[in-house]
Protein chains: 4
Amino acid sequence: MTASFGSRQPHHRRDRETTRAALLAAARVRFAREGYGGTNVRSIAQDVGVDASLVFRYFGSKRKLFDEASAEDAQAAGAVLAGPAEQLPTRLLEMILHEERPESAGEHPFIAMLRSADDETIRDRLHDQVCDTYIAGLRTLASGPDADLRAELFSAWLLGIGVARSVVRSDVLAEATLSQVAPYFERVADILLGGDGTETPNG
Amino acid sequence: MTASFGSRQPHHRRDRETTRAALLAAARVRFAREGYGGTNVRSIAQDVGVDASLVFRYFGSKRKLFDEASAEDAQAAGAVLAGPAEQLPTRLLEMILHEERPESAGEHPFIAMLRSADDETIRDRLHDQVCDTYIAGLRTLASGPDADLRAELFSAWLLGIGVARSVVRSDVLAEATLSQVAPYFERVADILLGGDGTETPNG
Amino acid sequence: MTASFGSRQPHHRRDRETTRAALLAAARVRFAREGYGGTNVRSIAQDVGVDASLVFRYFGSKRKLFDEASAEDAQAAGAVLAGPAEQLPTRLLEMILHEERPESAGEHPFIAMLRSADDETIRDRLHDQVCDTYIAGLRTLASGPDADLRAELFSAWLLGIGVARSVVRSDVLAEATLSQVAPYFERVADILLGGDGTETPNG
Amino acid sequence: MTASFGSRQPHHRRDRETTRAALLAAARVRFAREGYGGTNVRSIAQDVGVDASLVFRYFGSKRKLFDEASAEDAQAAGAVLAGPAEQLPTRLLEMILHEERPESAGEHPFIAMLRSADDETIRDRLHDQVCDTYIAGLRTLASGPDADLRAELFSAWLLGIGVARSVVRSDVLAEATLSQVAPYFERVADILLGGDGTETPNG
DNA sequence: CATGAATGAGGCTTCATTCAT
DNA sequence: AATGAATGAAGCCTCATTCAT
C-alpha cells in the first residue's frame with residue numbers, strides 16, 4: 001500500500017503555491033483511496049517528489065491536511081445543489097457515476113470520506129455533509145408521509161451505488177454508464193420522492 | 001479507541017479451544033466496529049483477558065485472525081440465502097436492519113468489512129463475498145434485459161442502507177424499523193427485480 | 001550528549017520489575033544531568049540495555065517517566081523534614097553537600113529539577129516542592145519581622161550552593177566538605193533565621 | 001513556546017548590520033527565557049521579522065549565535081566590576097534584583113545561562129564567567145582563612161537569589177525590593193567576606 | 001505449551017540547516 | 001547578497017510480532 005499513485009516527480013519547481021497545491025492534490029488521491037488512517041504523509045510527499053516535512057510546514061499536521069483536502073471535496077459535492085431542483089436526482093447520479101475526477105482518484109467525495117470513517121470526528125463530518133447536501137436537497141423534492149425517511153432511503157441508494165462501484169467493484173455496475181442506469185433510476189426516484197408516498201406504482 | 005468492548009474479564013480457563021473461540025468472537029466485534037487497520041491485537045486480547053501473544057500462537061498473525069473472523073462473517077451472511085427465493089429481498093432487508101447481532105457488534109458483516117476496505121486484498125474478498133451471496137442470490141430473481149445490472153443496483157441499495165445506518169448515521173433511517181421501510185422497499189424491489197425490466201411503472 | 005552514563009548492560013534479565021526499576025534509575029540519572037528536554041528516551045533505554053519502546057510500555061510517555069522519577073526525588077527531598085526542627089538547617093546542608101546519591105547522579109533533587117525548568121509545568125512543580133519542603137520547613141524556625149523573606153533568602157542560599165557545586169562547578173565549593181562549610185553556615189543561619197531579625201550580629 | 005516576545009514586526013530595513021544586531025538582541029531575550037535547547041532559531045527570526053536563514057547567513061549556526069549573544073551577556077555582567085571595590089556586593093545584589101534588563105528579558109545573564117546548562121560546553125563557559133567576574137571580584141574583598149571558599153559561598157548566595165526569583169519564583173523573594181533585602185544582605189556579607197573569617201558572630 | 005517481556009519497524013512531527021533562485 | 005523553499009536527522013510514540021522462561 002505504499003505503491004506509487006500518479007506521477008511521482010523526481011524533482012519539484014521551487015514554488016510554494018505550486019508545491020502546496022500538488023501536496024493537496026496528492027493528499028486527496030491518497031485519502032480517497034486509502035482512507036485517513038491508511039495514508040501516511042511520507043507517501044503523499046513522495047507522490048509530489050518532496051520531503052515529508054514540507055507537509056507539516058505547509059499544513060501543520062496530517063489532520064489539518066485532511067481537513068483542507070476534504071473541505072475541497074465537500075465544496076465540490078455541495079456544488080451539485082446549484083441548478084434546477086427537479087433535476088437534482090439526475091445530477092446526483094451523474095456525479096456518482098462520473099469517472100473524471102482526477103482530483104480525488106475518480107472517487108466521489110463521500111465515498112472517499114467513508115474510507116476514513118474509523119475516526120469518530122471524521123465520521124461526524126461525513127454525517128453532517130451527507131445530511132446537509134444530499135438529504136437536505138432531496139428532502140425538498142419529497143412530500144407526503146415519511147418524506148424524511150424516503151429522502152434518506154434515496155440518498156442511501158446513491159451512497160450504495162457509489163460504494164458498489166468504487167469499493168465493492170460490483171461487476172456490471174462498476175462499468176455502467178449513465179444511460180444504462182438512468183431508466184431504473186428515474187422509476188425509483190418517482191417512487192421514493194415523487195407523489196405523496198401512498199400511491200402504488202401500478203395503481 | 002482503547003475503549004472496552006464487552007466483558008474484558010480475566011480469562012482463567014486453560015482450554016485452548018475456548019480461548020481460541022473467545023478471541024475469534026472478540027475479533028469479530030472489534031474488526032466490525034473499528035475496521036482492520038483501526039483494531040490492534042492487544043485490545044482483542046484484553047477483551048478476552050489473555051495476553052496478545054496468544055493471538056499469534058493460535059492464529060499466526062493479525063491478518064490470519066481477520067481472515068478467519070471474516071470467513072465466519074461471510075458464512076453468517078450466506079445463511080440468508082437459505083429459504084424461499086421469493087422472500088430473499090425481505091430477508092436481506094431484515095438482516096440489514098437487524099440490530100441483534102452481538103457476534104459482530106450489531107453490524108452487518110459486509111458493512112463491517114467495508115470498514116477495512118482500505119486494504120486491497122480485503123477489498124477483493126469483499127467483492128467476492130458480495131457477489132457470491134447478495135448479487136448471485138438476487139440475480140436469480142431478476143429476469144429480462146439488464147438483469148445483472150438490476151440485481152447489482154438492488155444490492156447497492158441494501159449496501160447503501162447499511163452504510164447510511166451504521167456509518168453515516170442518517171437521522172431517520174438509522175432508527176427506522178422494518179415495518180416503516182418495508183412498503184417502499186417492496187415497490188423498489190418490484191421495479192428493480194420484478195417484471196422484465198422494460199415496463200414503465202405507470203404503463 | 002548521547003554519551004554513556006553508568007553501566008550500559010548489553011543484556012537484561014527478563015524481569016518486569018527489575019527492568020522497570022532499572023529504567024527509572026537510569027531516567028533519574030539522565031534527567032538529573034541533562035534535564036528533561038535534553039534527555040532522550042533512547043539513551044535511557046540504552047543505559048539499561050533495552051529497547052526504547054519498553055519505556056513507553058512501562059511508563060506511558062517520556063513525561064510520565066519524568067513525573068515518576070521526580071516524584072521519587074521529591075519524596076527523598078521531603079524526608080529531610082523528619083527529625084529535630086532545630087537541626088533542620090544542618091540536615092539541609094548535609095543533603096546539599098552529599099555526594100553519595102547514585103540514584104540521581106549525585107545531584108540534589110531540586111538541582112536536578114532545575115535542569116528541566118524550561119518546561120513551564122515542571123517549573124511549577126519545582127516551585128511547589130521548594131516551597132513545601134525547604135521554605136515551609138525553614139519558615140517554622142524563623143520569627144520576627146520579615147520571617148518569610150528571611151526563610152526564602154536562606155533557602156536561596158542552599159539552592160545557590162547546590163547550583164554552584166553541580167552546575168557552575170565552583171572551584172573550591174565543589175569540593176568542599178561539610179566540616180569546612182559548617183562554621184560559616186551556622187553564622188548565616190543565626191542571622192537569617194535566629195533571633196527576631198532585628199538584632200545585629202555583633203550587637 | 002511559540003509565543004510572541006516583543007515586537008515581531010516585519011523587518012524592512014535592508015541594512016545588514018541593523019538586522020544582525022536585531023537578531024542578536026532577540027536571541028538574548030529568547031535564550032534567557034527559554035534556554036539554548038528550548039529556543040528555536042525560527043522564533044528568533046520571527047521576532048525580528050526576517051527569515052530564519054539569515055541567522056545562518058550572519059552567524060553560521062545556532063550555536064555561534066548563542067556564543068555571540070552570551071559573550072555580550074558576559075560583558076554586561078563584567079561591567080559590574082567597575083567601580084569602588086567595597087561597594088561591589090551591593091552592586092551585585094542590585095544587579096540580581098534589577099528588573100530593568102530588556103536586553104535579556106529581565107534576567108541576570110548568569111541565570112539566563114543556567115537555563116542552557118544542559119550542554120557541557122555551555123556549562124564550561126558558565127563556570128569561567130562566574131569565576132572570572134563574581135568570584136574573582138568578591139575574592140579581592142575577602143581575606144583570612146578560607147577566603148576562596150567564603151567568596152564562593154557568597155557568590156553562591158547571589159546565584160541562589162537569582163534562581164529563587166526567576167526560576168523557582170519564590171513567593172516573597174520574587175517580589176522583594178532592594179531595600180527589603182539589603183539589611184540582611186549586608187550582615188551576611190560581613191560574615192562571609194569581612195573580617196578574617198575566624199571571629200564568631202557573637203564573640 | 002503458556003506467559004509476558006522485549007523488539008524493531010514505521011508513523012507523526014520538529015528543527016537546524018542547506019540550496020536554488 | 002537576500003530570500004524562502006526544501007531537506008534530513010532525530011525525537012516521541014504505537015503496534016505487530018518474536019523470544020526467553
Side-chain angles (χ1 to χ4, degrees), chain A residues 2 11-20 23 37-45 48-65, chain B residues 1-2 11 14 16 19 37-45 50-65, chain C residues 2 11-20 23 37-45 48-65, chain D residues 1-2 11 14 16 19 37-45 50-65:
Chain A
T2 324
H11 212 37
H12 47 278
R13 342 194 208 356
R14 219 174 175 85
D15 175 302
R16 181 188 178 94
E17 285 314 312
T18 303
T19 303
R20 215 189 108 98
L23 284 170
T39 300
N40 58 353
V41 323
R42 166 169 288 165
S43 58
I44 294 173
V48 177
V50 133
D51 189 272
S53 61
L54 258 200
V55 169
F56 301 95
R57 186 157 224 58
Y58 287 160
F59 299 94
S61 68
K62 178 187 179 183
R63 183 50 199 266
K64 285 183 189 158
L65 171 60
Chain B
M1 268 300 182
T2 322
H11 189 81
R14 302 290 159 188
R16 180 188 174 103
T19 303
T39 299
N40 59 357
V41 325
R42 175 153 297 202
S43 54
I44 293 172
V50 302
D51 189 87
S53 62
L54 270 195
V55 168
F56 298 92
R57 179 151 204 79
Y58 291 163
F59 300 95
S61 69
K62 177 188 180 183
R63 182 51 200 270
K64 285 180 188 160
L65 170 61
Chain C
T2 323
H11 213 35
H12 47 278
R13 345 195 207 352
R14 219 174 176 86
D15 175 302
R16 182 190 177 94
E17 284 315 311
T18 303
T19 304
R20 216 190 108 98
L23 284 169
T39 300
N40 60 353
V41 321
R42 165 168 290 163
S43 57
I44 294 173
V48 177
V50 131
D51 190 272
S53 61
L54 260 200
V55 169
F56 301 98
R57 185 156 225 61
Y58 288 159
F59 300 94
S61 68
K62 178 188 179 182
R63 182 52 199 266
K64 285 182 188 158
L65 170 60
Chain D
M1 272 300 181
T2 324
H11 189 82
R14 301 292 158 190
R16 181 187 174 105
T19 302
T39 299
N40 59 358
V41 324
R42 175 153 298 201
S43 55
I44 294 173
V50 303
D51 189 89
S53 62
L54 270 194
V55 168
F56 298 92
R57 179 152 205 81
Y58 290 162
F59 300 93
S61 68
K62 177 188 179 182
R63 182 52 200 269
K64 285 181 188 162
L65 170 61

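Lettering follows sequence order; numbering is per chain, from 1.
In this structure, the CG atom of C:Leu54 is 6 Å from the P atom of E:dT7, given to the nearest Å. Summarising the geometry, the separation between CG on A:Asn40 and P on E:dG10 is reported as 11 Å, rounded to the nearest angstrom. Protein atom CD1 of A:Ile44 is 17 Å distant from nucleotide atom C1' of F:dA6, rounded to whole Å. Summarising the geometry, the separation between CG on C:Asp15 and C1' on F:dC19 is reported as 16 Å, rounded to the nearest angstrom.
Note on D:Val41: a base of the nucleic acid sits closer than 4.0 angstrom, heavy atoms only. Residue C:Thr18 is out of contact with every strand shown, counting any heavy-atom pair closer than 4.0 Å.
Heavy-atom contacts from other residues, nucleotides or ligands closer than 6.0 Å to CZ of C:Arg42 number 12 or fewer.
Within residues 55-62 of chain B, the residues approached by DNA chain E to less than 4.0 Å at the level of any non-hydrogen atom are B:Arg57, B:Tyr58, in residue-number order.
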Checklist entry - For DNA chain F, what string of dots and brackets results from 5' to 3' when Watson-Crick and G-U pairs need both distances under 3.5 Å, crossing pairs get [ ], and pairs with another strand get |? => result .||||||||||||||||||||
Next on the checklist: What verdict does the side chain to side chain contact (heavy atoms under 4.5 Å, CB included) test give for C:Val50 and C:Thr19, after you've listed the backbone C-alpha separation in whole Å, the side-chain angles of each residue and the deciding distance to 0.1 Å?
Outcome noted: CA-CA 8 Å; C:Val50 131; C:Thr19 304; 4.1 Å; yes
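Here the nucleotide nearest the side chain of C:Arg14, chosen from E:dA16, E:dG4, F:dA5, is E:dG4. Distances were taken from every side-chain heavy atom of A:Ser53 (C-beta onward) to each of F:dA6, E:dT14, F:dG4; the shortest belongs to E:dT14. With E:dT14, E:dG8, F:dT17 as the candidates, the nucleotide lying closest to the side chain of C:Asp51 is E:dG8.
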Under 3.5 Å donor-acceptor pairs involving side-chain atoms of residues 51-58 of chain B, not counting sequence neighbours:
| unit_1 | atom_1 | unit_2 | atom_2 | d |
| --- | --- | --- | --- | --- |
| B:Asp51 | OD2 | B:Ser53 | N | 2.9 |
| B:Asp51 | OD2 | B:Ser53 | OG | 2.9 |

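When each of A:Ala52 and D:Thr39 is assigned the nucleotide of DNA chain E with its nearest heavy atom, A:Ala52 is the one assigned upstream, toward the 5' end. Residue A:Arg16 is the one, among A:Arg16 and C:Arg42, whose nearest nucleotide of DNA chain F lies closer to the 5' end (criterion: closest heavy atom).
In terms of heavy-atom proximity, C:Thr39 sits nearest to C:Lys62 at O-NZ, 2.8 Å.
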